[in-house]
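Below you'll find the structure, written out as structure tokens, and then a few comments.
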Amino acid sequence: MTLKEIIDAAKAGVTVISEQGPMGQEITSVTLDSRKACAGALFVAQRGEKVDGHAFIGKAIEAGCRAIVCEKAPADAPADCAIVVISDTHEGLGHFAAAFYGNPSERLKLVGVTGTNGKTTTATLLYRLMTALGHKSGLFSTVANYVGDTRTTAMQTTPDSITLQRTMREMVDAGCEYCFMEVSSHSVVQKRIAALDFDGGIFTNITHDHLDFHKTFANYIAAKKGFFDGLKKGAFALTNIDDKNGEKMLQNTAATKKSYSLRTKADYNGQVIEDSMDGMQMSFNGTEAFMQFVGRFNAYNLLGIYGAAVELGFAPHDVLVALSTLRPVDGRFQTLKLKNGATAIVDYAHTPDALMNVLSTLNEVRKPGQQLICVVGCGGDRDKTKRPEMAQEAARGADRVILTSDNPRSEKPADILNDMQAGLEDSQREKVLTIEDRREAIRTAAALAQKGDIVLVAGKGHEDYQEVNGVKHHFSDKEELEKL
């Protein structure tokens with residue numbers, strides 16, 4: 001494909017300011033990394049939070065690259081180098097990558113899931129549901145990406161535009177019909193989802209998170225809403241109207257507006273009839289089914305999944321039969337039995353609201369006399385405002401609490417734990433231990449538990465590392481519990 005063909009194909013979504021140099025050259029790859037720029041590559045220079053790709057245009061040219069897209073043209077580019085100046089390279093990258101890979105999202109039924117909590121469970125179970133219904137699909141999630149049955153480790157919730165388009169091309173070539181993806185607020189603001197042809201969007205809920213990046217809660221809400229604002233006419237926009245910001249997501253969308261609720265009239269109504277540690281008896285628009293999931297937060301996830309599948313054209317009965325066979329996603333309310341007869345649960349809850357939901361669920365289903373012990377920490381270099389709230393929610397919902405490390409990154413673990421402890425009331429402190437070493441914290445929780453008790457290890461879920469001073473060391477909550 002020539003550079004001119006790529007530029008012409010992308011012009012519908014890109015404002016081109018100027019073009020110079022040989023536009024007929026053959027392009028064999030698209031990259032935003034100057035280290036991967038070579039002969040045949042199209043290098044797109046982006047201004048990042050810490051690094052400006054424009055500073056590396058010279059390196060790309062030295063490596064043999066002769067096709068550059070940028071927001072400001074270099075002063076000394078060689079005559080045989082094509083320079084295309086556009087207004088926004090963040091948005092442009094998606095359109096150039098889409099053109100290069102043949103707009104694969106147009107050949108998939110693509111559904112995005114956004115919200116603070118429940119994105120991974122919703123997207124992953126939709127992928128598994130389609131598989132159970134006999135349809136080959138793809139998945140982009142925090143835990144892993146899938147092209148059909150082929151799994152790759154996910155590096156971030158929503159990949160960069162090039163990775164998205166390349167992987168969707170692989171999905172199309174592999175015969176996938178559907179693709180489900182988590183849409184992070186970061187990806188909306190950074191325009192990583194530009195040029196994707198979504199057929200549907202799901203909003204789960206929104207609570208305080210990522211304020212280190214968005215700065216204000218209003219900005220965070222606006223980022224989530226931006227995804228729905230971009231949906232096309234003919235797509236569906238499915239929102240949880242029990243969330244106070246649920247209807248706001250649909251205010252400016254051109255998509256068909258749909259809703260789901262456990263509390264009020266909606267297009268998709270659900271009810272938890274009976275809840276236990278083994279699962280839930282639920283009603284979906286009046287039809288009952290048993291689901292192998294626990295808790296109202298999962299009831300919301302399942303209801304959203306049910307609604308999305310029906311919007312995609314599947315028969316409600318077939319959807320419920322397939323849903324009833326599915327089990328929780330790795331690190332999402334995942335249960336293990338300890339040798340001492342206690343039940344351990346690994347969950348990704350890393351926001352105050354998510355932790356409150358999990359603890360509330362456990363308090364609803366546990367029997368009299370069963371002790372609830374919670375192990376929890378907070379990540380370093382992230383939103384500090386939620387640290388005292390996390391400790392307070394843990395102390396409110398559990399009989400015993402152990403505060404510990406959770407990816408301290410460049411911060412001192414003791415400083416993070418001090419921030420958490422500041423949220424505790426004097427009456428709560430006597431039931432709270434602070435153990436900096438996460439492995440020792442988990443062992444201590446298991447040792448404190450008696451037969452029938454419940455140990456919740458929250459925050460890391462599926463993650464298999466601890467990040468300390470920029471280095472990731474192997475560590476898995478699940479593995480540590482399996483040893484016990």
Side-chain angles (χ1 to χ4, degrees), residues 1-34 36-48 52-54 56-57 60-61 65-74 77 80-108 110 112 140 158-173 179 181 183 186-199 226-227 229-235 254:
M1 195 173 192
T2 67
L3 177 59
K4 186 179 188 317
E5 288 171 334
I6 292 175
I7 299 300
D8 287 346
K11 276 184 176 176
V14 176
T15 302
V16 177
I17 297 172
S18 66
E19 301 174 16
Q20 66 181 62
M23 303 295 290
Q25 58 181 292
E26 198 70 22
I27 299 299
T28 57
S29 65
V30 180
T31 184
L32 49 73
D33 186 345
S34 63
K36 297 179 180 178
C38 57
L42 171 60
F43 175 64
V44 181
Q46 289 188 337
R47 302 182 194 277
D52 185 351
H54 290 74
F56 298 91
I57 291 176
I61 292 173
C65 180
R66 289 297 180 268
I68 307 293
V69 172
C70 52
E71 293 175 9
K72 184 179 180 181
D80 64 343
C81 185
I83 304 294
V84 181
V85 179
I86 65 175
S87 60
D88 185 348
T89 53
H90 285 276
E91 185 157 20
L93 179 63
H95 289 278
F96 294 133
F100 179 76
Y101 287 106
N103 294 297
S105 65
E106 295 179 0
R107 298 176 61 184
L108 295 163
L110 175 62
F140 293 100
T158 309
D160 64 79
S161 300
I162 299 170
T163 302
L164 284 171
Q165 296 291 347
R166 183 181 66 246
T167 308
M168 286 188 190
R169 179 76 256 169
E170 293 171 2
M171 292 176 186
V172 171
D173 292 343
C179 176
M181 67 179 290
V183 178
H186 293 64
S187 72
V188 178
V189 173
Q190 296 170 347
K191 303 179 181 179
R192 287 182 240 153
I193 60 172
L196 291 181
D197 183 39
F198 285 97
D199 295 283
F227 167 58
D229 290 350
L231 291 178
K232 66 185 180 183
K233 186 177 180 180

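Since the model is a prediction, treat every value here as computed from it, not as a measurement. Below, each value reflects all heavy atoms present in this structure, side chains not excepted, and no hydrogens, waters or symmetry copies. Position 1 is the first residue of the sequence, and the numbers go up from there.
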Less than 4.5 Å apart, side chain to side chain, heavy atoms only: is that true for [X] and [Y]?
| X | Y | answer |
| --- | --- | --- |
| F43 | I57 | yes |
| L42 | S29 | no |
| Q165 | N103 | no |

Report the distance from atom [atom1] of [X] to atom [atom2] of [Y], rounding to the nearest 0.5 Å.
| X | Y | atom1 | atom2 | result |
| --- | --- | --- | --- | --- |
| S161 | L93 | OG | CG | 4.5 Å |
| T158 | L164 | OG1 | CG | 7.0 Å |
| F227 | I193 | CZ | CD1 | 6.0 Å |
| M171 | F140 | CE | CZ | 3.5 Å |
| F96 | L3 | CZ | CG | 8.0 Å |
| M181 | L108 | CE | CG | 11.5 Å |

What is the minimum heavy-atom distance between [X] and [Y], and which atoms define it?
| X | Y | value |
| --- | --- | --- |
| A67 | C81 | N-SG, 4.4 Å |
| V14 | G92 | CG2-CA, 3.8 Å |
| T28 | A41 | OG1-N, 4.3 Å |
| I86 | V69 | CD1-CG1, 3.7 Å |
| P104 | V172 | O-CG2, 3.6 Å |
| T2 | I27 | C-CG1, 4.2 Å |

Problem - Residues which pass side chain to side chain contact (heavy atoms under 4.5 Å, CB included) with D88, listed by chain and number, not counting sequence neighbours - result: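 Checked D88 against side chain to side chain contact (heavy atoms under 4.5 Å, CB included); matches are E71, H90, E91, K191.
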Backbone of [Y] reached by a side-chain donor or acceptor of [X] within 3.5 Å:
| X | Y | answer |
| --- | --- | --- |
| R169 | Y101 | yes |
| T167 | T163 | yes |
| Q46 | T89 | yes |

Can you list, pair by pair, the side-chain donor-acceptor contacts under 3.5 Å of residues 17-26, counting residues two or more places apart and other chains?
unit_1: E19; atom_1: OE2; unit_2: K11; atom_2: NZ; d: 3.4
unit_1: Q25; atom_1: NE2; unit_2: P22; atom_2: O; d: 3.1
unit_1: Q25; atom_1: NE2; unit_2: R66; atom_2: O; d: 2.7
unit_1: E26; atom_1: OE2; unit_2: M1; atom_2: N; d: 2.3

Handout entry: Over 12 foreign heavy atoms within 6.0 Å of CZ, R47
Key =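 It does: R47 CZ has more than 12 such atoms within range.
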Practice task
Using a strict cut-off of less than 4.0 Å between a Lys/Arg side-chain nitrogen and an Asp/Glu carboxylate oxygen, indicate whether D160 and R192 qualify as a salt bridge.
Solution key: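 No, no charged N to carboxylate O under 4.0 Å.
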Problem - K36: partners by salt bridge (charged side-chain N to carboxylate O under 4.0 Å, His left out), with sequence neighbours left out - result: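 With sequence neighbours excluded, K36 shows a salt bridge (charged side-chain N to carboxylate O under 4.0 Å, His left out) to no residue whatsoever.
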